[in-house]
Amino acid sequence: MLGLFGTLDMARRSLQTQMTGIEVTGQNIANVNTAGYSRQRVNIASAPDLLTGIGPEGTGANATGIQQIVSAVLNSQIQSQSSAGGYASAQQTAYQTAQNGLNEFLNGAGAASSTNAAGASTSDSGLAGQLSTLFNAFSSLATSPSAGNQQAVVGAAKNLATTFNNISQQLGTASANADTSVTNDVTSANKLLSQIANLNTQIVRTQGGNGDANDLLDQREQDLENLSKLTSITTSTETNGAVDVNIGGQTLVSGNNVSDTLQTYTASNGHLLVQTATGGVKLTLSNGSIQGTIDARDGALATMQGNIDSLASNLITSVNTIQNGGYNANGGTGNSFFTGTNAATISVNAALTNNPALIQAANGATNPGDTSLALQISQLATTTQTGLNNQTFGDYYGATVAGLGTALADANTQVNTQTGLSGMLATQRGAVSGVNIDEEMTNLMTFQRAYEASAQLVTTVNTLMGDTLAMKVG
Amino acid sequence: MRIATNAYQDSMLNQFNLLASQQQALQSQVSTGLRVQAPSDDPVAMQNTLGDLANQSLQTQYGTNISTLQTRAAGVDSVLQSLQTVSSRAGEIATAAGSATNSQSSLNNYADEVNTLINQVVNAANTKDSATGKYLFGGTASGTAPFTTTTDANGNVTAVTYNGNGAVNQAQIGAGLTATVDIPGANPTGTGARGLITDNQSGADFLNHLISLRNNLTAGNQSAVTTTDAANLQKDENNIAYQVANNGVVQNQLTAAASFATSNGQNLSQMISNSSGANLMNTIVQLNQAQTSYQAALQSGSKIMQLSLLNYIH
């Protein structure tokens, strides 16, 4: 039997056990708002029985450990989800920037009372409307070769050229931003790789001493999730608790060491891709914001830039081919209408800007009043171009706009889907690992009452011991 | 199922954001009348709308061109009317001067009047377009006066030179449809647009015929006046009548084209509206639904967040 001293010791250990429970509950409450925190639970087990003549007798309870409540499966799913979400978000950002740079939006003059509003009041803010304006200006010039209409042609052409220049610059900026984003993401990834290796070291050391590295595990899990947002990773856990990280088929964290890091290199298209820093292995990444940015930059953005350049160069060639063979109202010739070769360099010939009367609309030096070339140029609005997939300028541009719109709409859908899935997985993880204040308060009361009872046991045993000492013989 | 305390807040924040963005999008649709504003809203509708807008812009331009041509056609018509008056008077003179009762003095008076008519014709043929300042009847060589004259010591026109050409400018008034109200002053080729003053097809040569008439009147050659000049002037009158009629035909064509362009523009407005316009009734109902949902989410959220075991333990 335990006797009074044994019972007093049992009460002491019970106090310690309940206090541990209160401490763990306090830890959980304190971390209710900590990102990535997984709730902890104190494991309490009965102390070994004492064999007595009347059978085994309990000796109280001991706190046997503090356990982190996590689901490895959910964590793995969340990592994978983070990569997919990072990829979609990166694409969304790149395409959104390009769409803003394109500045092709519809404007409405306000709601009408009809079932379907807009219509006559709708206009567009971008290149499409300016293409129409230029061709229409040539049409007006063909109809009425006045100085005002010559001025209008040059004005419309200048606006169009400036818009081409702006779009080209904006798309260039979007590509440059994508490169900057890749560089920043690679820097962040390397920092996370280093942190994961450091945490591996601490976790192995802590768990090697038979301790629990719960909070360190949380931190590492958070780092792995953040790394997953940047690029898809695969992980494997060693027996000592360290996690090895593999990116693009290359092991970058092995136990306590960062065996290699990521670095950017300039690809043949002049933009940045990713390789291992030491090994120099060019990586084919999947998912994550790095690859999302690269795919957006080299995909829809590059296509967009190419299409806008094709549009500009075909316009330059088509207008110049007609105009350059003509004569101005004074019988003079020799001035190109457009200069430049692409969207970045297209410009209206300065000579025409300074003197719109130099527009060569006449098909012959001896008939300066002829405007047949202006008519021909105006008819380009409805003429299909071989260099533009046999589409008109407007249709080709419309298809280009729709291409970017589709890419962004797809990215938006992906982001919404991934956000929904992330929310669902977060809720599921919360159900397993999240802190619930009500639950913790209930636990607190449970441990508090148990502590009070244990304290009462001490008081009772103390009274009994006093009674025992006060006993008189005889 | 366990629900982590922060799951409430995270879930509600997501819902608030979703509902707020829905409200913002719907409110924007109501205020602009547009369901599609950015390419990503509906890429296909955006592509269709841009095409329709370009086409609508073309129809508007056709209307502008037609309006310009109609103004010019009215100016041409005014000149033609004055030429008809001159032609008619010249014909009367040719007929009246053939009478044997006319003295040379009378014939000289007629000759003086014909001189005036010649000047009127030259002035009319050198009329400028008020919009462009270009000569109306010089063809496409419209930079210089189409008709210059040689005069004798008395200031009478003895010869006329045409400085223009037989070409005319065409203007776009519809898809694949061009028109012109321009008339070249002279067309000696026999093909293309008929000349106003001189035309090979009709045999018109108004100014030279008037000069011949005057010369024959001055010379007292009544026989030539009645046999040659009167017949020639009839050709001129017929040619001017043709030009008047042709001008009328073109004006009718312009009116029809304007009506077509307007109708096309209205159809395109409807197509644009169907592609990218917001269905206001549906949109307003959806906006009300979104507002109600947002309000419900706020109310329920604020109540749930207030609930805690802490409120009940002391």
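Order of the sequence lines sets the chain letters (A, B, ...), proteins ahead of strands, with each chain counted from 1.
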Student: Say you draw a straight line from CG of Asn33(A) to CD of Gln9(B); how long is it, rounded to the nearest 0.5 Å?
Tutor: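 Reported value, rounded in 0.5 Å steps: 7.5 Å.
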Student: Any non-hydrogen side-chain atom of Met46(B) less than 4.5 Å from a side-chain atom of Leu106(A)?
Tutor: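 Sidechains of Leu106(A) and Met46(B): in contact.
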Student: For Arg39(A), is it the side chain, the backbone, both, or neither that has a heavy atom closer than 4.5 Å to a heavy atom of chain B?
Tutor: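 Looking at Arg39(A), just its side chain touches chain B.
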Student: Between Asn436(A) and Ile3(B) (side chain of the first, backbone of the second, donor and acceptor by atom type, cut-off under 3.5 Å), is there such a pair?
Tutor: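 Present.
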Student: With only heavy atoms counted, which part of Arg72(B) is less than 4.5 Å from chain A, the side chain, the backbone, both or neither?
Tutor: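 The answer is the side chain of Arg72(B).
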Student: Against chain A, label Thr60(B) side chain, backbone, both or neither, depending on which of its atoms sit under 4.5 Å from a heavy atom there.
Tutor: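 Neither the backbone nor the side chain of Thr60(B) comes within 4.5 Å of chain A.
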Student: Identify which of Leu408(A), Thr427(A), Leu375(A) forms the greatest number of heavy-atom pairs closer than 4.5 Å to chain B.
Tutor: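 If we count pairs closer than 4.5 Å to chain B, Leu375(A) comes out on top.
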Student: When you check the side-chain N and O atoms of Asn65(B) and Ser139(A), is any donor under 3.5 Å from an acceptor?
Tutor: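 Indeed, the side chains of Asn65(B) and Ser139(A) share at least one donor-acceptor pair under 3.5 Å.
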Student: List the steps and the verdict of side-chain contact (heavy atoms from CB on, under 4.5 Å) for Gln379(A) and Thr178(B).
Tutor: CA-CA 11 Å; Gln379(A) 288 169 338; Thr178(B) 58; 4.1 Å; yes
Student: Over all heavy atoms of both residues, which pair between Ala141(B) and Thr366(A) is shortest? Give the atoms and the distance, please.
Tutor: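 For Ala141(B) versus Thr366(A), the nearest heavy atoms are CB-O, 3.8 Å.
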Student: With chain B as the partner, which of Ser144(A), Ala381(A), Gly129(A), Ala137(A) has the greatest number of non-hydrogen pairs under 4.5 Å?
Tutor: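 Between Ser144(A), Ala381(A), Gly129(A), Ala137(A), the count favours Ser144(A).
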Student: Would you mind checking which part of Gln96(A) comes under 4.5 Å of any heavy atom in chain B, side chain (CB onward), backbone (N, CA, C, O), both or neither?
Tutor: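 Neither part.
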Student: Could you pull out all residues at least two apart from Tyr95(A) that satisfy ring-ring contact (aromatic ring centres under 6.0 Å, His included)?
Tutor: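 Partners of Tyr95(A) under the ring-ring contact (aromatic ring centres under 6.0 Å, His included) test: none.
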Student: Without hydrogens or angle criteria, can the side chains of Gln170(B) and Ser372(A) be said to hold a donor-acceptor pair below 3.5 Å?
Tutor: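 Note: Gln170(B) and Ser372(A) side chains miss the donor-acceptor criterion.
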Student: With side chains defined as the heavy atoms from C-beta onward, is the minimum distance between Asn412(A) and Ser40(B) less than 4.5 Å?
Tutor: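 They are in side-chain contact.
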Student: When you measure from the side chain of Asn6(B) to the backbone N and O of Val32(A), does any donor-acceptor pair fall under 3.5 Å?
Tutor: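 The answer is yes, because a donor-acceptor pair under 3.5 Å joins these two groups.
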Student: Would you find a donor on one side and an acceptor on the other, under 3.5 Å apart, between the side chain of Arg2(B) and the backbone of Glu439(A)?
Tutor: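 A pair under 3.5 Å: no.
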Student: For a 4.5 angstrom cut-off between non-hydrogen side-chain atoms, does Asn136(A) reach Ser57(B)?
Tutor: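 Asn136(A) reaches Ser57(B) side chain to side chain.
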Student: Let me know if Ser140(A) has heavy atoms under 4.5 Å from chain B in its side chain, its backbone, both or neither.
Tutor: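 Both parts, backbone and side chain.
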Student: Can you say whether Glu440(A) sits under 4.5 Å from chain B via the side chain, the backbone, both, or neither, judging by heavy atoms?
Tutor: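 Answer is neither: Glu440(A) stays 4.5 Å or more from chain B.
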Student: Can you tell which of Ala431(A), Ser146(A), Gly394(A), Gly430(A) has the highest number of heavy-atom pairs within less than 4.5 Å of chain B?
Tutor: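 Top count of heavy-atom pairs under 4.5 Å with chain B: Ala431(A).
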Student: Without swapping roles, check the side chain of Asp438(A) against the backbone of Ser308(B) for a donor-acceptor pair under 3.5 Å.
Tutor: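 Pair absent, no side-chain N/O of Asp438(A) close to backbone of Ser308(B).
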Student: Using heavy-atom distances under 4.5 Å, tell me whether Ile313(B) contacts chain A through its side chain, its backbone, both, or neither.
Tutor: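 Side chain of Ile313(B) only, per the 4.5 Å heavy-atom cut-off to chain A.
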Student: Give a yes or no answer on whether the side chain of Asn367(A) reaches the backbone of Thr140(B) with a donor-acceptor pair at less than 3.5 Å.
Tutor: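 Side chain of Asn367(A) to backbone of Thr140(B), a donor-acceptor pair under 3.5 Å: no, none is there.
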Student: Does any donor atom in the side chain of Gln172(B) or Ser378(A) lie under 3.5 Å from an acceptor atom in the other side chain?
Tutor: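 No pair is found: no donor N or O on one side chain lies under 3.5 Å from an acceptor on the other.
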Student: Contact part of Ala399(A) toward chain B, heavy-atom cut-off under 4.5 Å: side chain, backbone, both or neither?
Tutor: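 Both backbone and side chain of Ala399(A) come within 4.5 Å of chain B.
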Student: I'd like to know if the side chain of Gln37(B) reaches the main chain of Phe105(A), judged simply by a donor and an acceptor atom lying under 3.5 Å from each other, with no hydrogens or angles considered.
Tutor: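 It does not hold such a pair.
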Student: Decide yes or no for Thr32(B) and Asn107(A): does some side-chain heavy atom of the first lie under 4.5 Å from some side-chain heavy atom of the second?
Tutor: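 They are not in side-chain contact.
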Student: Heavy-atom distance under 4.5 Å to chain B: side chain of Thr419(A), backbone, both or neither?
Tutor: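 For Thr419(A), there is no contact with chain B at all, as no heavy atom is under 4.5 Å.
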Student: Taking the side chain as every heavy atom from C-beta outward, state whether Thr133(A) and Gln61(B) have any pair of such atoms under 4.5 Å apart.
Tutor: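 Side chain of Thr133(A) against side chain of Gln61(B), heavy atoms only: no contact under 4.5 Å found.
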Student: With a 4.5 angstrom heavy-atom cut-off, which part of Ile437(A) approaches chain B: side chain, backbone, both or neither?
Tutor: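 Both parts, backbone and side chain.
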Student: Checking Thr283(B) against chain A: side chain, backbone, both or neither under 4.5 Å from a heavy atom?
Tutor: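 The answer is neither part of Thr283(B).
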Student: Which answer fits Leu50(B), side chain, backbone, both or neither, if we ask what part of it has an atom under 4.5 Å from a heavy atom of chain A?
Tutor: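 For Leu50(B), side-chain heavy atoms alone lie under 4.5 Å from chain A.
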Student: With a 4.5 angstrom heavy-atom cut-off, which part of Ala167(B) approaches chain A: side chain, backbone, both or neither?
Tutor: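 Neither the backbone nor the side chain of Ala167(B) comes within 4.5 Å of chain A.
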Student: Pick one of side chain, backbone, both or neither for Val435(A), based on which atoms fall under 4.5 Å of a heavy atom in chain B.
Tutor: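 It is the backbone, since no side chain atom gets that close.
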Student: I need the Leu18(B) CG to Asn416(A) CG distance, nearest 0.5 Å.
Tutor: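 Interatomic distance, Leu18(B) CG to Asn416(A) CG, rounded to 0.5 Å: 7.5 Å.
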Student: Does anything in residues 403-413 of chain A pair up under salt bridge (charged side-chain N to carboxylate O under 4.0 Å, His left out), and if so which pairs, sequence neighbours excluded?
Tutor: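 Every candidate salt bridge (charged side-chain N to carboxylate O under 4.0 Å, His left out) pair involving residues 403-413 of chain A fails, so no pair, neighbours aside, qualifies.
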Student: Please look at Gln99(A) and chain B and tell me whether the side chain, the backbone, both or neither of the residue comes under 4.5 angstrom of a heavy atom of that chain.
Tutor: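 Side chain only.
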